[in-house]
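What follows is one structure encoded as structure tokens, with my remarks underneath.
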Amino acid sequence: MAGSLVFTVRRSEPELVSPSKPTPHEFKQLSDIDDQEGLRFQIPVIQFYRYDPLMKESDPVKVIREALAETLVFYYPFAGRLREGPGRKLVVECTGEGVLFIEADADLTLKQFGDALQPPFPCLEELLFDVPGSGGVLDCPLLLIQVTRLKCGGFIFALRLNHTMSDAAGLVQFMAAVGEIARGARAPSIPPVWQRHLLNARDPPRLSRTLHEYDEVADTKGTIIPLDDMAHRSFFFGPTEVSALRRLVPHHLSQCSTFEILTACLWRCRTMALQPDRDEEVRILCIVNARSRFNPPLPTGYYGNVFAFSVALTTAGKLCENPLGYALELVRKAKNNVDEDYMRSVADLIVLRGRPHFTVVRTYLVSDVTRAGFGEVDFGWGKAAYGGPAKGGVGAIPGVASFYIPFKNSKGQDGIVMPICLPAAAMERFAKEMDSLLKEEQDSGKKSTFIASSL
């Protein structure tokens with residue numbers, strides 16, 4: 001995507017869309033998994049939709065605004081505001097005030113964004129306007145939605161969510177419900193379930209697992225990434241790239257998943273690019289969706305946060321000097337650690353330690369949203385041409401996180417695109433490390449062209 005793309009967006013005044021019928025005024029506690037410092041931020045999502053001649057009489061702004069008001073009758077906590085109680089416990093006051101909604105028009109077509117719709121998106125702040133005073137965690141709207149019509153008849157649906165309310169699976173469930181009602185349903189096919197008490201700490205809280213993701217690590221060498229001079233780039237991994245990386249994997253790890261191998265590669269290359277001292281501890285946090293790991297299972301329709309920041313840690317020297325298999329074993333072990341007892345321990349720790357932030361010093365966080373279903377959300381115009389996180393590096397501490405996003409490149413190959421956020425000099429080194437890793441198993445003379453876009 002051309003980074004030079006410049007366009008004008010005309011926005012109407014932001015409005016509050018409230019539930020279309022009266023809803024209960026009540027107080028609902030978040031779970032102790034929801035209510036941790038590392039989730040107290042706003043997460044941006046963006047969906048691009050093509051023109052559909054069958055919908056030429058319909059206005060996406062009107063359709064989505066009306067469907068949103070009806071969906072909020074079922075998901076009325078989203079129309080409320082967060083308050084903080086004793087022990088920093090977050091509670092939703094279901095006030096029915098509504099979510100922020102912005103109607104907009106842009107003077108360009110979907111085609112002008114280029115063949116490869118992927119982060120980083122040009123002029124994102126125009127497509128998801130940060131309404132002054134709306135971005136706080138407490139006493140602010142929990143959702144902000146902007147629908148921007150394009151000249152071609154397509155549109156962009158952009159959303160900002162207070163992450164304490166839901167994870168990717170919960171957000172997609174809500175967006176899919178808006179889509180169903182926009183397409184004529186009277187109610188969501190999956191009724192929403194609150195029941196956040198199911199993921200509260202035990203009474204009394206007891207730590208039955210070691211949770212290094214919440215270690216308190218002093219930043220003695222200024223290794224939290226500086227925010228000035230940050231470069232954003234996306235990297236595409238299709239069948240060719242994944243096969244090349246798999247050939248670097250030792251035989252006893254040949255059953256590893258694509259997520260595991262990409263995570264091991266990214267962790268190693270990123271660490272090399274940032275050049276920490278050999279003896280410094282480095283860690284990777286893998287976001288693990290724990291919905292399937294509860295017995296009895298959580299109720300269908302539960303839309304709170306149900307994931308762990310599972311951690312692997314080692315020294316920079318060991319990570320960078322050992323073959324790829326070393327990092328891969330650490331990642332696999334971390335991922336497989338997460339079970340119901342692990343999640344209970346996380347909730348207990350969060351209460352015992354005053355709702356801490358996960359460790360960010362010399363930490364890299366990866367989140368796989370390839371199966372979250374953002375691209376499947378349909379408001380009547382079909383599936384999204386792109387759906388998912390709007391950029392990498394978002395979080396309560398910017399620059400730490402990357403997302404794995406499903407993607408079809410301009411050649412029609414299905415793969416994964418990853419937005420990466422690094423200081424400019426480190427980004428150059430990262431790209432070179434990745435390139436050399438891929439070229440280790442490619443025919444001489446063939447150059448990998450996996451860098452997809454940059455701004």
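Note: hydrogens, waters and symmetry copies are ignored here, and every other heavy atom, side chains too, is used.
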Exercise for the section: Step through the shown structure and confirm whether more than 12 heavy atoms of other residues, nucleotides or ligands are within 6.0 Å of CZ on Arg246. Expected result: yes
Practice task
Please list, chain by chain and in numerical order, all residues satisfying ring-ring contact (aromatic ring centres under 6.0 Å, His included) with Tyr386, sequence neighbours excluded.
Solution key: Phe121
Fill in the blank from the handout: Lys21 meets the salt bridge (Lys or Arg N to Asp or Glu O under 4.0 Å) criterion, sequence neighbours left out, with none
Exercise for the section: Taking all heavy atoms of Lys56 and all of Tyr51, pick out the closest pair and write down the distance. Expected result: CB-OH, 3.5 Å
Problem - Any residue meeting side-chain hydrogen bond (donor to acceptor under 3.5 Å, both in side chains) with Thr263, in chain and number order, not counting sequence neighbours - result: Tyr404
Practice task
Using a strict cut-off of less than 4.0 Å between a Lys/Arg side-chain nitrogen and an Asp/Glu carboxylate oxygen, indicate whether Asp139 and Arg81 qualify as a salt bridge.
Solution key: no
Handout entry: Closest heavy-atom pair and its distance - Ala231, Met427
Key = O-CE, 3.3 Å
Practice task
Applying salt bridge (Lys or Arg N to Asp or Glu O under 4.0 Å), name anything that partners Arg65, two or more places apart in sequence or on another chain.
Solution key: Glu15, Glu103
Problem - salt bridge (Lys or Arg N to Asp or Glu O under 4.0 Å) against Arg291, all qualifying residues, sequence neighbours excluded - result: Asp167
Practice task
Apply the test side-chain hydrogen bond (donor to acceptor under 3.5 Å, both in side chains) to residues Thr148 and Gln146: give CA-CA distance (whole Å), side-chain angles for both, the deciding distance (0.1 Å), then the verdict.
Solution key: CA-CA 6 Å; Thr148 306; Gln146 179 173 327; 3.1 Å; yes
Exercise for the section: Name all residues meeting the side-chain hydrogen bond (donor to acceptor under 3.5 Å, both in side chains) criterion together with Asp32; count only those two or more places apart in sequence or in a different chain, and write none if there are none. Expected result: Lys89, Arg355
Problem - Side chain to side chain, Leu82 and Leu142, heavy atoms closer than 4.5 Å - result: yes
Exercise for the section: Answer yes when Glu428 and Arg233 have at least one side-chain N-carboxylate O distance shorter than 4.0 Å, and no when they do not. Expected result: yes
Problem - Arg332: side-chain hydrogen bond (donor to acceptor under 3.5 Å, both in side chains) partners, not counting sequence neighbours - result: Glu260
Practice task
Determine, step by step, whether His25 and Cys94 satisfy the side chain to side chain contact (heavy atoms under 4.5 Å, CB included) criterion, reporting the C-alpha distance in whole Å, the side-chain angles of both residues, the deciding distance to 0.1 Å, and the verdict.
Solution key: CA-CA 5 Å; His25 184 277; Cys94 301; 5.9 Å; no
Donor-acceptor pairs under 3.5 angstrom involving side-chain atoms of residues 171-196: please list them, not counting sequence neighbours.
from   : atom 1 : to     : atom 2 : distance (Å)
Gln173 : NE2    : Tyr75  : OH     : 3.0
Gln173 : NE2    : Gly301 : O      : 2.8
Glu180 : OE1    : Ser189 : N      : 2.8
Glu180 : OE1    : Ser189 : OG     : 3.4
Glu180 : OE2    : Ser189 : OG     : 2.5
Arg183 : NH1    : Gly179 : O      : 3.4
Arg183 : NH1    : Asp378 : O      : 2.6
Trp194 : NE1    : Gln29  : O      : 3.2
Arg196 : NH1    : Asp34  : OD2    : 2.9
Arg196 : NH1    : Met165 : O      : 3.0
Arg196 : NH2    : Met165 : O      : 3.0

Exercise for the section: Let me see the working for Phe294 and Leu198 under side chain to side chain contact (heavy atoms under 4.5 Å, CB included), right down to the final yes or no. Expected result: CA-CA 11 Å; Phe294 283 81; Leu198 294 171; over 6 Å; no
Practice task
Check whether the ring centres of Phe309 and Phe307 lie less than 6.0 Å apart, and answer yes or no.
Solution key: yes
Practice task
Please confirm whether the backbone N or O of Ile287 pairs with a side-chain atom of Ser367, one donor and one acceptor, at under 3.5 Å?
Solution key: no
Exercise for the section: For the pair Asp348 (side chain) and Ala201 (backbone), establish whether a donor and an acceptor sit closer than 3.5 Å, ignoring hydrogens and angles. Expected result: no
Practice task
Taking the six-membered ring for Trp and the full ring for Phe, Tyr or His, determine whether the centres of Phe157 and Phe374 are under 6.0 Å apart.
Solution key: no
Problem - Any Arg270 side-chain heavy atom under 4.5 Å of Leu266 side chain - result: no
Exercise for the section: For this output row, return yes or no: ring centroids of Phe48 and Phe155 closer than 6.0 angstrom. Expected result: no
Fill in the blank from the handout: Interatomic distance, CD1@Ile33 vs CZ@Arg344, rounded to 0.5 Å, equals 8.5 Å
Problem - Thr164 backbone acceptor or donor facing Asn162 side chain under 3.5 Å - result: yes
Practice task
Among Leu285, Val288, Val346, Val331, find the one that has a side chain to side chain contact (heavy atoms under 4.5 Å, CB included) with Ser310.
Solution key: Val288
Exercise for the section: Would you please say whether a donor-acceptor pair under 3.5 Å links the side chains of Asp215 and His212? Expected result: yes
Fill in the blank from the handout: Minimal heavy-atom distance between Pro356 and Leu349, with the atoms involved, is CG-CD2, 3.9 Å
Practice task
Flag the pair Glu26 / Tyr76 as yes when at least one side-chain heavy-atom distance between them is below 4.5 Å, and no otherwise.
Solution key: yes
Handout entry: Shortest non-hydrogen contact between Leu437 and Cys265, atoms and distance
Key = CD2-SG, 3.8 Å
Practice task
Return the minimal non-hydrogen interatomic distance between Gln47 and Ala384, and the atom names on each side.
Solution key: NE2-CB, 3.8 Å
Exercise for the section: Take Leu100 and Leu143 through the test side chain to side chain contact (heavy atoms under 4.5 Å, CB included) and record every step on the way to the result. Expected result: CA-CA 6 Å; Leu100 265 180; Leu143 281 168; over 6 Å; no
Pairs of donor and acceptor atoms involving the side chains of residues 122-131, under 3.5 Å and at least two apart or interchain, shall be tabulated with distances.
from   : atom 1 : to     : atom 2 : distance (Å)
Glu126 : OE1    : Arg11  : NH1    : 3.1
Asp130 : OD1    : Arg160 : NH1    : 2.9

Exercise for the section: Examine the side chains of Thr95 and Glu93 and answer whether a donor and an acceptor come within less than 3.5 Å of each other. Expected result: no
Problem - Charged N-O contact under 4.0 Å between Lys62 and Glu66 - result: yes
Handout entry: Short side-chain to backbone donor-acceptor contact, Thr359 and Glu213, under 3.5 Å
Key = yes
Practice task
May I ask you to test the Tyr214-Glu216 pair for a side-chain heavy-atom distance under 4.5 Å?
Solution key: no
Practice task
Answer yes when Glu37 and Arg353 have at least one side-chain N-carboxylate O distance shorter than 4.0 Å, and no when they do not.
Solution key: no
Handout entry: Listed partners of Asp105 passing salt bridge (Lys or Arg N to Asp or Glu O under 4.0 Å), at least two apart
Key = Arg149
Exercise for the section: Would you please name every residue forming a side-chain hydrogen bond (donor to acceptor under 3.5 Å, both in side chains) with Lys151, sequence neighbours left out? Expected result: none
Completion exercise
Value for CG (Asn337) from SG (Cys286), rounded to nearest 0.5 Å, stands at 10.5 Å
Completion exercise
Nearest heavy-atom contact between Gln42 and Gly136 is NE2-O, 3.1 Å
Practice task
Indicate yes or no: does Glu340 engage Arg293 in a salt bridge with an N to O separation below 4.0 Å.
Solution key: no
Handout entry: Phe235 vs Phe407, ring pair (Phe, Tyr, Trp, His ring centres under 6.0 Å): CA-CA, chis, key distance, verdict
Key = CA-CA 11 Å; Phe235 295 82; Phe407 187 73; over 10 Å; no
Exercise for the section: Taking ring-ring contact (aromatic ring centres under 6.0 Å, His included) as the test, write out the residues that go with Phe7, two or more places apart. Expected result: Phe113
